[in-house]
Amino acid sequence: MAQVRPYVRPMKGWWRRNPYFVRYMIREVSSVFVAIYALTLLVGLVRLTQGEAQYEAWRAALANPLSILFHGVAFLFLSYHAYTWWLVAPKTAPDLRIGKKPVPDRAISAGGWAATLGATIVVFCLVRWM
Amino acid sequence: MANTRTIEIEVFRYNPETDVEPRFQSFQVPFSDDTSVLQGLQYIKDHLDGSLTFRWSCRMAICGSCGKMVNGVPELSCHKFLRDYYPGKVKIEPLNHFPVLRDLVIDQTDVFDKKLPSVKPYLVPENPRPMSAGPNVQTPAQLQDYYQYSQCINCLLCYAACPQYGLKKDFLGPAALALMHRYNSDSRDAGWHVRADALNSEDGVWSCTLVGYCSKVCPKGVDPARAINQNKVNSTMDYFGVRELLMPKGGR
């Protein structure tokens, strides 16, 4: 009688085998940049509570070329993160309905992208001209 | 055969009696415009190598037996045509994340014998319902609440698409959780509480990282990623004890 001897294939390198998984991994990695950026802002807030000199020192540190490079890269990852966040939002949102009709997936994604873009423009204008 | 062309099909081979490692074997297969990938495999078995082993049954995308990795993508092999891969070659492997018994045949017992039964996939009514009560009716709108989730044919493409299942075998996985959601969202069912432990557990909805590929590959339009992630909300409400308060009809 034939012996049952199943072969189990290794998972090593699984995410490189399919472009869909590569995009998923970039999405997941982008959250690291989101976190570092958020921490940087939080540090700024803490420095602000410590006094003007400390706050100015934090701002000077941000003007460092390495810091500017990081913020450039972080901006790209943040944009991708925002894009994918709203792309999957229809799946994570509770069952949304207008009257009895379910809200179409595209409307949820498009609404999210519009809100993100709108908020970005408002914050940019506030920081730049206020 | 009209318009016969020839395509290279590269097949994953593994014989548990003689092989330590799997290997790939190439075949030249004639095909026409209406030859499916499954028919390509059948041509190999009938004319080139009778030892090639694979599962199939209905040939029309409803039995769920013939799932394979076709050029790295989980597909029903009866549902794809060789013409769409020509002039490139077609690489056929067993569905990912499952142990291989022989050639393209996988061991499905983990999902069929353990995972699917664990979600109690049957109506659990609030009160026992005698046959004399007649048909257990519902409105078309109530049917619509779960209809797409009832279309699953257990082909396991979603498990082959789920790296979380590949990395973490205890994860209940896409089809089982979608099936759980199918019964939980049925107006005739009151079984949330008997299914809640499986759903709320680490190996339930919380092992999903929303890769989302399961919903992409489903040949029947089921959206397991949505079923799972909507239930993260339900699971959170359940944890704080507010689910019954916030859900319509007391969230039975």
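So you know, we letter chains A, B, ... as the sequences are listed, proteins then strands, and number each from 1.
By the neighbour-count criterion of 12 heavy atoms within 6.0 Å, atom CZ of A/Phe21 is densely surrounded, having more than that number from other residues, nucleotides or ligands. In this structure, A/Arg59 places its CZ atom where only 12 or fewer heavy-atom neighbours from other residues, nucleotides or ligands lie under 6.0 Å away. Residue A/Leu41 qualifies as enclosed at atom CG: its count of foreign heavy atoms under 6.0 Å is above 12. In A/Arg128, the CZ atom is not crowded: 12 or fewer heavy atoms of neighbouring residues, nucleotides or ligands sit closer than 6.0 Å. Counting non-hydrogen atoms of neighbouring residues, nucleotides and ligands closer than 6.0 angstrom, the NZ atom of B/Lys216 reaches no more than 12 such neighbours. For CZ of A/Arg106, the number of neighbouring non-hydrogen atoms (other residues, nucleotides, ligands) closer than 6.0 Å is 12 at most. Counting non-hydrogen atoms of neighbouring residues, nucleotides and ligands closer than 6.0 angstrom, the CZ atom of A/Phe75 reaches no more than 12 such neighbours. Remark: B/Phe24 CZ is packed, more than 12 non-hydrogen atoms of other residues, nucleotides or ligands lying under 6.0 Å away.
For the options B/Val105, B/Val20, B/Thr209, heavy-atom pairs under 4.5 Å to chain A are most numerous at B/Thr209. Contact tally against chain A (heavy-atom pairs below 4.5 Å) for B/Gly72, B/Ser215, B/Pro22, B/Gly212: the top residue is B/Pro22. The choice from B/Val211, B/Val73, B/Asp107, B/Leu101 that makes the most heavy-atom pairs within less than 4.5 Å of chain A is B/Val211. Between chain A and the residues B/Ile228, B/Leu95, B/Asn234, B/Asn231, the largest count of heavy-atom pairs under 4.5 Å involves B/Leu95. Interface summary for chain A: among B/Ala227, B/Ala161, B/Pro163, the most heavy-atom pairs under 4.5 angstrom belong to B/Pro163.
A donor-acceptor pair is defined here as one N or O able to donate and one able to accept, closer than 3.5 Å; no such pair exists between the side chain of B/Arg226 and the backbone of A/Ala93. Between the side chain of A/Arg5 and the backbone N or O of B/Asp19, at least one donor-acceptor pair lies under 3.5 Å.
Of the atoms belonging to B/Tyr213, heavy atoms from both backbone and side chain fall under 4.5 Å from chain A. In this structure, chain B has heavy atoms under 4.5 Å from both the backbone and the side chain of A/Pro90. In this structure, the portion of B/Val233 lying under 4.5 Å from any heavy atom of chain A is its side chain and not its backbone.
Counting heavy atoms from C-beta on, the side chains of A/Arg9 and B/Val100 come closer than 4.5 Å.
Using bins of under 30°, 30° to 60° and over 60° for the plane-to-plane angle, the ring pair B/Phe12/A/Tyr7 lands in the tilted bin.
Between B/Asp223 atom CG and A/Asp105 atom CG the span is 7.5 Å, to the nearest 0.5 Å. One finds the CG atom of B/Asn229 at 9.0 Å from the NZ atom of A/Lys91 (value rounded to the nearest 0.5 Å).
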(request) Determine, stepwise, if the pair B/Leu210 / A/Arg27 fulfils side chain to side chain contact (heavy atoms under 4.5 Å, CB included). (result) CA-CA 11 Å; B/Leu210 191 40; A/Arg27 182 190 96 190; 4.1 Å; yes
(request) Could you check A/Trp14 against B/Leu167 for side chain to side chain contact (heavy atoms under 4.5 Å, CB included), going step by step and ending with a plain yes or no? (result) CA-CA 10 Å; A/Trp14 62 270; B/Leu167 296 164; 3.9 Å; yes
